[in-house]
**Q** 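I'd like to ask some things about the structure below.
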Amino acid sequence: MKITLKVWRQKNAQSEGKFETYPAHDISPDMSFLEMLDVVNERLIEKNEEPFAFDHDCREGICGSCSLYINGRAHGPKKGVTACQLHMRSFDDGETIHVEPWRAKPFPVIKDLIVDRTAFDRIMESGGFVSVKTGSAPDGNAILIPHDDAEMAIDAASCIGCGAWVAACKNASAMLFVSAKVSQFTLLPQGHPERETRVLDMVAQMDKEGFGSCTNTGACEAECPKEISISNIARLNREFIRANVR
Amino acid sequence: MGWLSKTFTSSVGKKLIMALTGLFLISFLIVHLSGNFLLLRNDNGAAFFQYSEFMKTNPVILVMEVVLFLGFIIHAFSGFRLALENKKARPVGYAVNRPSENSSVFSRSMVWTGSIVFIFLVIHLKSFFVDHKVASWMGVTHEETLFQAVVSAFQNPVYTWFYVAAMVLLGFHLNHGFQSAFQTLGLNHKKYTPLIKKLGLIFSIVVPLLFAYVPLYFLLIYKTTGGN
Ligand code: HEM
Ligand code: FES
């Protein structure tokens, strides 16, 4: 395949960025998007040019590191996949592909396509601890959990925190993330001791970081590589109301 | 800060205000629409006259009117503020963006459809609320009745078509707003949400259409069937 890459280049958070154009030939349709970026970068290195920086780690869709806005979509054109699991066969031969970093005030660009997502870590921290029984190991099934609740909790917990929802949301809202994290604890009895403080503190931290507020456009659900449902956002709202009126 | 103000200044709390005022405005639409349909009775406005006298004097209505004004102001003010704050959350936009792939145009244009409905409301209130209700409270008498004023306003095609256009945009606003309010209030359920979405779709089509029918009736039909 032959493609034209337009990659956002930016030295650091302070400097102004711009698109650079990199024509790329001999791209295999079976390459993942990140492998294609590697190939283009290697060719840049061979020419003694500086390669562009992008985040990645597991390359199997489970870590949430990769964070590319590809042709106007978070993680590119395919539903339910991360950029690392996206393959070049999803593009047309000869296509021009724009690659941009996530855009949101709480995600300052560090370099090129890498943004600082530590705002999420601070939101997670603000959720606080989860009380656990110490002592001898408890019996495996001592706490009975309805199967549906367990399924919903694990669906919520499958959030890899990549930030695609913030990137795709017109309001740069982090609600899907926060709601998934609140849900995974709230749906299980083990998360109940800190049920109220957790939701209040996490919402407060989310606001402090400067994320926008949800207007239920559903963009997050559509772009989430783990297809996490916005019913979690309703649950977050419910938990928020409950914690406030108690 | 007290817990109440803390609740309603948080991002989720501000959305709760939007949803509660939005649903309240929806309930008002139903009341208003049923009043409007009295205009269509072939009695030269007798029933509508009774209704408008009732609305002018009934204490419950007068109190609700204040609540309604507050509801509108709070809804519109919070709507603008939310839209501004949300814009600030993304100071640098994307060079290439395809929001149509992930969300409906109705959901993305709430502040625009809302604003035009707001402009419409100001004009609408001037021509019917201020010129008639307020005027009659202040003892200014009109030689024409409210019914005649309605008829002559709606026989102006510019006024009527603006009314119709505003109703189309109200429909767009409600198309997203109706179901969105339930989601905001946390009322999402696998049994009821599909029902709420269908109901919202029907409401957002039928109610604006019925509203638009009244001025269109006076513009296009009333003359020919020989009112006066
Ligand atoms: C008859 C008039 C109106 C009705 C019945 C109405 C109804 C609603 C409803 C039900 C919602 C959804 C609340 C939620 O998402 O939780 C909403 C949202 C909103 N409304 Fe209105 N509204 C009206 C007028 C206005 C006006 C005059 C404005 C002025 C700017 C406005 C701006 C907004 C905005 C910005 C939103 C939030 C968008 C969103 O959440 O997606 N609305 N409205
Ligand atoms: S690199 Fe781990 S999810 Fe893409």
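Note on naming: letters A, B, ... go to the chains in the order of the sequence lines (proteins, then strands), and numbering restarts at 1 for each one. Because the structure is a prediction, the values reported are computed rather than measured.
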**Q** Can you tell me which portion of A:P101 sits under 4.5 Å from chain B's heavy atoms? Options are side chain, backbone, both or neither.
**A** backbone
**Q** Taking atom CZ as the centre, does B:F129 end up with more than 12 heavy-atom neighbours from other residues, nucleotides or ligands that are less than 6.0 angstrom away?
**A** yes
**Q** Using heavy-atom distances under 4.5 Å, tell me whether A:L200 contacts chain B through its side chain, its backbone, both, or neither.
**A** neither
**Q** Nearest 0.5 angstrom please: B:R108 CZ to A:T215 OG1, how far?
**A** 10.5 Å
**Q** Can you tell me which of B:L16, B:T193, B:V96 forms the most heavy-atom pairs within a distance under 4.5 Å of chain A?
**A** B:V96
**Q** Supply the atom-to-atom distance A:S173 OG to B:K15 NZ, rounded to the nearest 0.5 angstrom.
**A** 9.5 Å
**Q** For A:K111, does the NZ atom have more than 12 heavy-atom neighbours from other residues, nucleotides or ligands under 6.0 Å away?
**A** yes
**Q** Need one label for B:K87: side chain, backbone, both or neither, based on atoms under 4.5 Å from any heavy atom in chain A.
**A** neither
**Q** Count the heavy atoms belonging to other residues, nucleotides or ligands that lie under 6.0 Å from NZ of B:K56, then report whether that count exceeds 12.
**A** yes
**Q** Measuring from A:S213:OG to B:R81:CZ, what's the distance to the nearest 0.5 Å?
**A** 9.5 Å
**Q** Please check: side-chain N/O of A:R103 versus main-chain N/O of B:A95, any donor-acceptor pairing under 3.5 Å?
**A** no
**Q** Measure the OH-CH2 distance between B:Y94 and A:W102 for me, rounded to the nearest 0.5 Å.
**A** 6.5 Å
**Q** Under the 3.5 angstrom rule, does the side chain of B:R90 hit a backbone N or O of A:F211 as a donor-acceptor pair?
**A** no
**Q** Take a 6.0 Å sphere around CG of B:L70 and say whether it holds more than 12 heavy atoms from other residues, nucleotides or ligands.
**A** yes
**Q** Which distance, rounded to the nearest 0.5 Å, do you find between the CG of A:D207 and the OG of B:S11?
**A** 3.5 Å
**Q** Nearest 0.5 Å, please: how far is CZ in A:R73 from CD in B:E101?
**A** 4.5 Å
**Q** Under 4.5 Å, counting heavy-atom pairs only, tell me which of A:C169, A:P106, A:A74, A:A243 racks up the most with chain B.
**A** A:C169
**Q** Hey, are B:T184 and A:N216 close enough side-chain-wise for a donor-acceptor pair under 3.5 Å?
**A** yes
**Q** Find the one option among B:N188, B:L4, B:V12, B:N86 whose heavy-atom pairs under 4.5 Å with chain A are most numerous.
**A** B:N86
**Q** Are the side chain of B:N102 and the backbone of A:A222 linked by a donor-acceptor contact shorter than 3.5 Å?
**A** no
**Q** For the candidates A:A172, A:A104, A:A168, A:G218, which exhibits the highest count of non-hydrogen atom pairs separated by less than 4.5 Å from chain B?
**A** A:A172
**Q** What part of A:F107 gets closer than 4.5 Å to chain B, counting heavy atoms only: side chain, backbone, both or neither?
**A** neither
**Q** Which atom pair, heavy atoms only, marks the closest approach of B:A89 to A:G210?
**A** CB-O, 3.6 Å
**Q** Would you say B:R98's side chain and A:N71's backbone share a donor-acceptor pair under 3.5 angstrom?
**A** yes
**Q** Can you check whether A:I233's main-chain N or O pairs, donor with acceptor, with B:Q183's side chain at less than 3.5 Å?
**A** no
**Q** A:H98 side chain to B:N97 main-chain N or O, any donor-acceptor pair under 3.5 Å?
**A** no
